[in-house]
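Notes follow once the structure below has been shown.
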Amino acid sequence: PCAKATGRLGLAAAASYRMSSEVTGLLASTTYQFALRALAPSGRSVLGEAVQATTTAPLRAPLAPFEPPRPASASAALAADLVARLADADAAHAVSPKASVGARVDYRICPPALALALPALRGGCGSDEYYSVQLRPLGQQAAPWAVALEHAKGGDVLIRGTHLEYTSAYTFRVLAHNRLGQSAPGPASAPLLAHHQQRGASVAPSVVATSSASSLLQPVSTEANTSDCDVAALRFEVLVRREASVREQPGRLTDDFPAGEWRTLPGAASRGVRLPFEASGVRCPEGCAWRLRALGVAGWHEYTPPSPPILTPRARVPAPALGERLELRLQPPLLSRPAATDTSAALHASAQRFLQALAEAAQVPLSMLSVAEVSSTGAFLLVDVQPASAPPTVTVAHATRAIGLALSRGDALDGHHLDADFGVRRQDASHEALAGELLLQRDSGSSARERQAFAITCVLIVAALVFTCCAPVFRAVAYGASAITKDANKHKAVLRGTLIGDGEQGDWSSDEG
């Protein structure tokens, strides 16, 4: 009676033989086809003629789903299919671009959507007929749950529509329905992002060393995850953990970069960085693990799993004993496009031209400067400053200061600028510092505009305060001046009346009085 199919099925070859079989766990009010196959030690027969049977209606409302929804295993393929279909047939339904996190995301091409795997429909007396899916933005516990999908039959489904935004993480839950009512909500899912962001925010980055003090972080790419939508909108906080060396125990504090502890990379905490990103100035001869946290997404506080430890090679050229080793990051890189022949030779040739332009701008002898290393991307550069070997004598400290000032002006040197976020850093003699000492940081255009706006705001606030505080004084002075004028006019009138009353003819006037 409770979603069971009970019947007497006969075999045509043996009409006299009868048997009964009860099949349970079926869905209510659903028609099924049944067929028999004979089994024997010698093998199996062909299927007999199929018969139909319809289960009874449910006897009660369904129970709450036992499992929460989870990201579908085929989410990348479903996402690619979604982008293709929506771009052609339903682009007008895409969410307005005003909510985009990054300018590179086009909502007409990359509409926010998520592929979810729902539990299978359950049979029994309170059989499930369909599911509905609800969502709620994280961080808005008082907000009501919104219906994201109705009449789902379980399995992989696509969630899309005006409820989803790239600027928020969401949690989902499932309700079961049949003709007698709906169930209580099932358990809520873990925090989830739109499918274009979920993989980038929850999978460890791919990391490769590009020099003795730099590593390139890239999103993990697969054949089904090559769309520009994948992580284009995400900015990340970058964290690094240095592995303990043989002579060092985990957790032992060093000056700046203790082994075994996660530290946020300088300059990658507030605004975050986009991938791919070259983490510069971090030396990891014993290995470093990396992980990310997506920024700018409300309610998302999850970190990616750590990457495998990546070792950076030892510098081929030792740092000068009496000089300084400076770390620079350039924009654009020394090679904007791959060289046709030897990339390493082309990089060093471009670095030498940049060094010559830097020496001229800083007005220091070129003989004091040398290129110690260039990263394989061409964006990170190690420059050694050594004492002058011939007159005019320029100290290392003076040359370092002159180089910093020349780079801080923002002038293009052989077509390259100093990266404003990284600045000019002095490399530490040990390998225990997270980053070199910051000597000078060039202001980016946005930072200068922000300070200018702040200065104007301060002037306006001070002017308003002065006016507010001095207004009573101004009113008192104005009232006193008015009173003095009235008294003077009164005395003039009395004086004129006295002179005329005495019958005297004088040259007095009210102004003179």
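For the single chain, residues carry numbers from 1 onward in sequence order.
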Measure from NZ or CZ of [X] to the centre of the six-membered ring of [Y], then state whether that distance is under 6.0 Å and the direction lies within 45° of the axis.
X      : Y      : value
Arg329 : Phe380 : no
Arg425 : Phe422 : yes
Arg241 : Trp290 : no

[Y] and [X], any side-chain heavy atoms less than 4.5 Å apart:
X      : Y      : result
Phe277 : Leu265 : yes
Leu418 : Val424 : yes
Arg173 : Arg136 : no
Arg291 : Thr304 : yes
Pro71  : Leu192 : yes
Val203 : Pro219 : no
Leu292 : Val238 : yes
Val133 : Leu175 : no

Could you give the distance from [atom1] ([X]) to [atom2] ([Y]), rounded to the nearest 0.5 Å?
X      : Y      : atom1 : atom2 : value
Leu135 : Leu114 : CG    : CG    : 9.5 Å
Arg60  : Asn178 : CZ    : CG    : 9.0 Å
Leu59  : Ser127 : CG    : OG    : 10.5 Å
Leu116 : Ser189 : CG    : OG    : 7.0 Å
Leu326 : Leu407 : CG    : CG    : 9.0 Å
Leu149 : Leu118 : CG    : CG    : 7.5 Å

Between Glu302 and Arg293 (salt bridge meaning N to carboxylate O under 4.0 Å), is one present in this structure? no
So which atom in [X] and which in [Y] form the shortest heavy-atom distance, rounded to 0.1 Å?
X      : Y      : result
Ala184 : Ala64  : O-CB, 3.2 Å
Ala294 : Leu234 : CB-CD2, 4.0 Å
Ile310 : Val207 : CD1-O, 3.6 Å
Ala201 : Trp300 : O-CZ2, 3.7 Å
Ile159 : Ala148 : CG2-CB, 3.7 Å
Asp128 : Pro62  : OD1-CB, 3.2 Å

I'd like to know whether Leu63 forms a side chain to side chain contact (heavy atoms under 4.5 Å, CB included) with Ser183, so could you lay out the CA-CA distance, the side-chain angles of the two residues, the decisive distance to 0.1 Å, and finally the verdict. CA-CA 5 Å; Leu63 298 175; Ser183 71; 5.7 Å; no
Indicate yes or no for a side-chain donor-acceptor contact from [X] to the backbone of [Y] under 3.5 Å, with no hydrogens or angles considered.
X      : Y      : answer
Thr55  : Thr30  : yes
Lys153 : Ala120 : no
Ser215 : Ala209 : no
Tyr32  : Val51  : no

Surrounding CZ of Arg122 (heavy atoms of other residues, nucleotides or ligands, distance under 6.0 Å), is the total greater than 12? yes
Is the closest side-chain donor-acceptor distance between [X] and [Y] under 3.5 Å?
X      : Y      : result
Thr54  : Thr31  : yes
His151 : Ser132 : no
Glu327 : Ser280 : no

Taking side-chain hydrogen bond (donor to acceptor under 3.5 Å, both in side chains) as the definition, give me every residue that meets it alongside Ser375, ordered by chain and number, with sequence neighbours left out. Glu278, Thr377
Angle between ring planes, Tyr130 versus His177, binned at 30° and 60°: parallel, tilted or perpendicular? parallel
Could you pull out all residues at least two apart from Glu373 that satisfy salt bridge (charged side-chain N to carboxylate O under 4.0 Å, His left out)? none
One pair to check against side chain to side chain contact (heavy atoms under 4.5 Å, CB included): Leu138 and Thr171. What are the steps and the verdict? CA-CA 7 Å; Leu138 284 177; Thr171 184; 4.2 Å; yes
